[in-house]
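Because the structure is a prediction, the values reported are computed rather than measured. Atoms within each ligand, like the ligands themselves, are counted from 1 in listed order. As a basis for the values below, the full set of heavy atoms in this structure was taken, side chains included, without hydrogen atoms, waters or symmetry mates.
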Amino acid sequence: MVQTAVDVAVIGAGLAGAATAATLAARGRSVTVLEQFRAGHRHGSSHGSARIVRRAYGDPLYLALTGPALELWRDLEDRSGARLLRMLGAIDFGPGRDVPVIAEHLAAARVAHEVLDAAEAERRWPGMVFDGPVLFHPQAGTLDADEAVTAMLRLAEIDGATVRSGAAVRTVRADGDAATVVLADGEALSAGRVVVAAGAWLQPLLGDTVPLPPLRVTEQHVFHFPRQDPAAPPWPSVIHALTHPVYHLAGGRDGGPADDRKIGEHDLGTLTTAASRSGRADPESRRRVVDYVRRWLPGLEPTPRSETTCLYTSTPTEDFLLDSVGPVVVCSPCSGHGAKFAPLVGEWVADEIDGRDRVPARFRLAAHRGARTSAGVSL
Ligand SMILES: Cc1cc2nc3c(=O)[nH]c(=O)nc-3n(C[C@H](O)[C@H](O)[C@H](O)COP(=O)(O)OP(=O)(O)OC[C@H]3O[C@@H](n4cnc5c(N)ncnc54)[C@H](O)[C@@H]3O)c2cc1C
């Protein structure tokens, strides 16, 4: 058994692990990233060219976090030279969205926004149908997840980090102040701290060692619909809070040369595990989303041109999970809304390792133990 000593081992090179590695390396830490596949693979949660970024949240905690996160994304764009954000704005509406309350939160945070009636919104964004009050805010749009992972890993490497592909971790064991990480091929690494940013693989990897809250892994089905007028400017990102919320956004590269519209159902994924997920879009979800497009989005062709799946790992409250247990830092910011916060997550983990308590209390293990029901915070 080979025994290598590293300062910080980061397990996982998705958005959370890549952000953690970039932040720690920038702070002068020696970092080794261990990724079971290759960085940029499509088996987890961080692949593809489009995630929604937005300031509007029903929950004031997350709304407050969106500002610093956006600043960190801009800083990352400056440092890496990569174009990660498309600031197309965002629209929130539907019976499950308390538009007046979110507008109040945005006003309190001095985030520019407008509340329109449905007829006005339909005039402004032809091809979409609205009902009820419609909230628009311009400090929003999409984030290129693939490019973000690439940019963060590249910066980490420039600052001295080592990124290892094909390095599947089999076990993580705390040994007093340090930890031992054993890879599938038997290689053992001794690490001062281990950050486990393993997404949907967190429970199987760490569940026997750390008392995790119940984590629900779902395969989310996503469809790209052609726009009837590909020359028109792309619409803002949209959250339509029906009984089962639907979101849609400009697909970017994944949407092909015509920037097809990416559409998904937020809470109707298929319960699965990282090992057993099918990788195939669910025909029932496709049927529902096609019906949705016919009813609400006459500006799109109602037949998807492409489709894909992706994994959510959700806590019961949809709050992120971020805490230390001895030398191990558990880092699970998904619940379907973690991409937009990735660089902030990197800062929190680095602060945790530097002994600074900056992680919001709600994300700690103890808070998850006390919380039982879904607060639906991710919308
Ligand atoms: C369909 C979909 C839409 C989404 N939309 C949005 C959105 O609009 N806005 C938003 O903010 N967020 C969104 N999200 C959430 C966001 O994408 C996730 O929060 C984020 O990608 C989670 O990243 P992660 O690094 O935690 O997980 P992952 O990207 O899954 O990374 C975990 C990594 O760990 C590696 N790994 C696991 N186990 C091991 C092991 N034993 N050894 C070595 N490596 C290991 C895996 O291979 C993987 O690369 C969406 C997610 C999905 C699926």
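Atom 34 (O) of ligand 1 has G12 CA, 3.1 Å as its closest protein atom, hydrogens excluded (heavy atom only). Nearest to atom 27 (O) of ligand 1 among the protein's heavy atoms is G199 CA, 3.7 Å. Regarding atom 44 (N) of ligand 1, its nearest protein heavy-atom neighbour is Q36 N, 3.0 Å. Of the protein's non-hydrogen atoms, the one nearest atom 41 (N) of ligand 1 is V169 O, 2.9 Å. Of the protein's non-hydrogen atoms, the one nearest atom 47 (O) of ligand 1 is E35 OE2, 2.6 Å. Of all protein heavy atoms, the one closest to atom 53 (C) of ligand 1 is C310 SG, 2.2 Å. The protein atom (non-hydrogen) at minimum distance from atom 30 (O) of ligand 1 is S45 N, 3.1 Å. In terms of protein heavy-atom proximity, atom 12 (N) of ligand 1 is nearest to A339 N, 3.1 Å.
Using 4.0 Å as the threshold, A197 has a heavy atom nearer than that to some atom of ligand 1.
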With side-chain contact (heavy atoms from CB on, under 4.5 Å) as the test, would you mind laying out the steps for Q228 and E301 before giving the verdict?
CA-CA 6 Å; Q228 286 186 348; E301 301 292 343; 3.4 Å; yes
For V293 and I263: C-alpha separation, side-chain torsions, deciding distance, then whether side-chain contact (heavy atoms from CB on, under 4.5 Å) applies.
CA-CA 9 Å; V293 170; I263 310 188; 3.6 Å; yes
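Within ligand 1, counting atoms from 1 as listed, the ones closer than 4.0 Å to a heavy atom of Y247 are 1 (C), 3 (C). Counting the atoms of ligand 1 from 1 in the order shown, those under 4.0 Å from a heavy atom of F37 are 47 (O). Remark: ligand 1 atoms within the under-4.0 Å shell around heavy atoms of V222 are 1 (C). For ligand 1, the atoms lying closer than 4.0 Å to a non-hydrogen atom of I52 are 7 (C), 8 (O), 9 (N), 10 (C), 11 (O). Every atom of ligand 1 is numbered from 1 in the order shown, and the set under 4.0 Å from a heavy atom of A16 is 25 (O), 26 (O).
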Listing, residues 34-42 side-chain donor-acceptor contacts under 3.5 Å, not counting sequence neighbours, or none:
unit_1 : atom_1 : unit_2 : atom_2 : d
E35    : OE1    : A13    : N      : 2.8
E35    : OE2    : F37    : N      : 2.9
E35    : OE2    : H41    : NE2    : 3.3
H41    : ND1    : H43    : N      : 3.0

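Relative to atom 23 (O) of ligand 1, the option among A200, A148, S46, G14 with the closest non-hydrogen atom is S46. Around atom 2 (C) of ligand 1, the closest heavy atom drawn from F341, Y62, Y312 belongs to Y312. Nearest-residue assignment for atom 4 (C) of ligand 1 (options R51, H221, K340; heavy-atom criterion): R51.
Counted by atom type alone, S314 and R216 present zero donor-acceptor pairs between their side chains at under 3.5 Å. Y57 and D92 form no side-chain donor-acceptor contact under 3.5 Å, judged by distance and modelled atom types alone. T309 and R277 share a side-chain donor-acceptor pair at under 3.5 Å.
For E284, the side-chain hydrogen bond (donor to acceptor under 3.5 Å, both in side chains) criterion is met by R287, not counting sequence neighbours.
Counting heavy atoms closer than 4.0 Å to ligand 1, residue A274 contributes nothing at all. Under 4.0 Å from ligand 1, the heavy atoms of L34 that appear belong solely to its backbone. Under 4.0 Å from ligand 1, the heavy atoms of L311 that appear belong solely to its backbone. Contacts with ligand 1 closer than 4.0 Å are made by backbone heavy atoms (N, CA, C, O) of A167 only, the side chain lying farther away. If you look at H41 next to ligand 1, the close heavy atoms, those under 4.0 Å, all belong to the side chain.
Salt bridge absent: D159 and R79 never bring a charged side-chain N and a carboxylate O closer than 4.0 Å. Taking 4.0 Å as the cut-off between side-chain N and carboxylate O, R27 and D354 count as a salt-bridged pair.
With R193 contributing its side chain and P327 its backbone, the two residues share a donor-acceptor pair below 3.5 Å. Checked by atom type and distance alone, the side chain of D351 never pairs as donor or acceptor with a backbone atom of R358 at under 3.5 Å.
Closest approach of D259 to G251, counting heavy atoms only: OD1-N, 3.3 Å. Of all non-hydrogen atoms in L15 and A145, the two that sit nearest each other are CD2-O, 4.1 Å.
Of the polar atoms of G44, none of the N or O atoms is found under 3.5 Å from an N or O of ligand 1, judged by distance alone.
With respect to D260, the side chain to side chain donor-acceptor pair (under 3.5 Å) criterion is satisfied by exactly one of R305, H224, R227: R305.
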